[in-house]
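Structure record follows, encoded as structure tokens.
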Amino acid sequence: MKVEHILPADIERRSMEIIEEELGDIILPPDEKDIIKRVVHTTADFDYVRNLRFSPGAVRRGLEALKRGCTIVTDTNMACMGISAPGLNKLGAGKVCYMADSDVAQAAREQGTTRAQASMDKAAKLTGPLIIAVGNAPTALLRLKELIESGRINPDLIIAVPVGFVNVVYAKEEIMKAGVPYITALGRKGGSNVAAAICNALIYTLTRQS
């Protein structure tokens, strides 16, 4: 293997070319392709080609929410920081993470729940279009389903990609039954970086960044 001499500005473009080459004869749905490729680019893990799942119309719903200036709610500050602020600014959209908020910590203590669950309760008070991006906490997804079923929240899109071993698979399966558009990663894989990558792929589709 030889070293490729590539300018820093061209590394991402070359990475996407390599991903395209390694996909070979695999044909990805046109509306899902950019998202899948960006997740592979972020993780260097081609398993996501097989395990990312999209509900019908999920990509369209996410794009429409962004066009309408939605708020993206994340379950970690890492995911929130990883989502393109310049892209969101161009779209008049925003991003928030409530995990470090004192009122969320207090609510979690009083209710005997996790901060992730309490942060979803706080998100339910938001108005306007909403994308929920969960990359860490399966309890956030389980609480989301309860909030959806009780009519307290109705996200335009849920990005359900928590990573880990405890309740992760179950939470993803439950959110797929919640009756709202979703993008999820089957099994144990996921993470805050994956959640941010999916958000960015949607943003870049509209802002034509690369």
Side-chain angles (χ1 to χ4, degrees), residues 7-16 19 31-45 48 52 54 58-105 115-116 118-137 140-141 144 153-163 180-185 190-210:
L7 294 174
D10 295 328
I11 290 174
E12 182 175 303
R13 175 190 56 78
R14 177 59 184 139
S15 296
M16 291 298 185
I19 292 168
D31 61 333
E32 301 173 8
K33 184 174 183 177
D34 287 347
I35 294 172
I36 295 170
K37 285 178 63 178
R38 186 155 293 278
V39 172
V40 172
H41 173 258
T42 298
T43 61
D45 188 345
Y48 286 104
L52 280 179
F54 299 73
V59 175
R60 175 181 55 79
R61 287 289 300 274
L63 294 174
E64 289 174 353
L66 285 165
K67 289 177 184 178
R68 290 159 49 215
C70 73
T71 302
I72 300 176
V73 179
T74 69
D75 70 325
T76 64
N77 282 304
M78 176 182 172
C80 194
M81 291 298 293
I83 297 169
S84 171
L88 288 175
N89 290 338
K90 286 184 179 180
L91 297 169
K95 58 180 179 176
V96 295
C97 178
Y98 296 136
M99 291 291 287
D101 290 6
S102 59
D103 58 335
V104 166
R115 289 193 186 196
S119 71
M120 294 300 106
D121 289 337
K122 187 169 182 176
K125 299 175 183 177
L126 291 170
T127 58
L130 196 62
I131 293 175
I132 309 287
V134 175
N136 182 68
L141 293 183
L144 262 180
I153 195 169
N154 185 30
D156 293 80
L157 174 66
I158 296 176
I159 297 168
V161 290
V163 61
V180 299
Y182 64 80
I183 300 173
T184 191
S192 296
N193 59 334
V194 174
I198 293 171
C199 291
N200 285 335
L202 293 168
I203 292 166
Y204 296 159
T205 296
L206 296 174
T207 60
R208 302 192 184 280
Q209 297 179 19
S210 61

Check [X] against [Y] and note the closest heavy-atom contact, atom names and distance.
X: A116; Y: A137; result: CB-CB, 3.4 Å
X: A133; Y: C199; result: CB-SG, 3.9 Å
X: G87; Y: I203; result: CA-CG2, 3.6 Å
X: T74; Y: C80; result: OG1-CB, 3.4 Å
X: R38; Y: A201; result: CD-N, 3.8 Å
X: A185; Y: L52; result: CB-CD2, 4.0 Å

Just jot down the side-chain hydrogen bond (donor to acceptor under 3.5 Å, both in side chains) partners of [X], sequence neighbours excluded, or say none.
X: E32; answer: none
X: N200; answer: none
X: D101; answer: K122
X: D31; answer: none

Can you confirm whether V39 sits close enough to I198 that some side-chain heavy atom of one is under 4.5 Å from a side-chain heavy atom of the other? yes
Kindly indicate whether the side chain of Y182, heavy atoms from C-beta on, has any atom under 4.5 Å from the side chain of L141. no
Any residue meeting side-chain contact (heavy atoms from CB on, under 4.5 Å) with N136, in chain and number order, not counting sequence neighbours: D75, T76, S192
Run the side-chain contact (heavy atoms from CB on, under 4.5 Å) check on S15 and I11 step by step: do they pass? CA-CA 6 Å; S15 296; I11 290 174; 4.1 Å; yes
Given the options L144, V180, L157, I132 meets side chain to side chain contact (heavy atoms under 4.5 Å, CB included) only with L144
Out of D103, L126, N77, which residue meets the side chain to side chain contact (heavy atoms under 4.5 Å, CB included) rule with Y98? L126
Donor-acceptor contact present, side-chain Y48 to main-chain K37, <3.5 Å: no
Main-chain N/O of M99 paired with R115 side-chain donor or acceptor, under 3.5 Å: yes
Pairwise distance CD1(I159) to CG(L202) - rounded to 0.5 angstrom: 6.0 Å
Would you mind writing out the side-chain donor-acceptor pairs for residues 58-73 within the sub-3.5 Å range, not counting sequence neighbours?
{"from": "R60", "atom 1": "NH1", "to": "E64", "atom 2": "OE2", "distance (Å)": "3.4"}
{"from": "R68", "atom 1": "NH1", "to": "D156", "atom 2": "OD2", "distance (Å)": "3.2"}

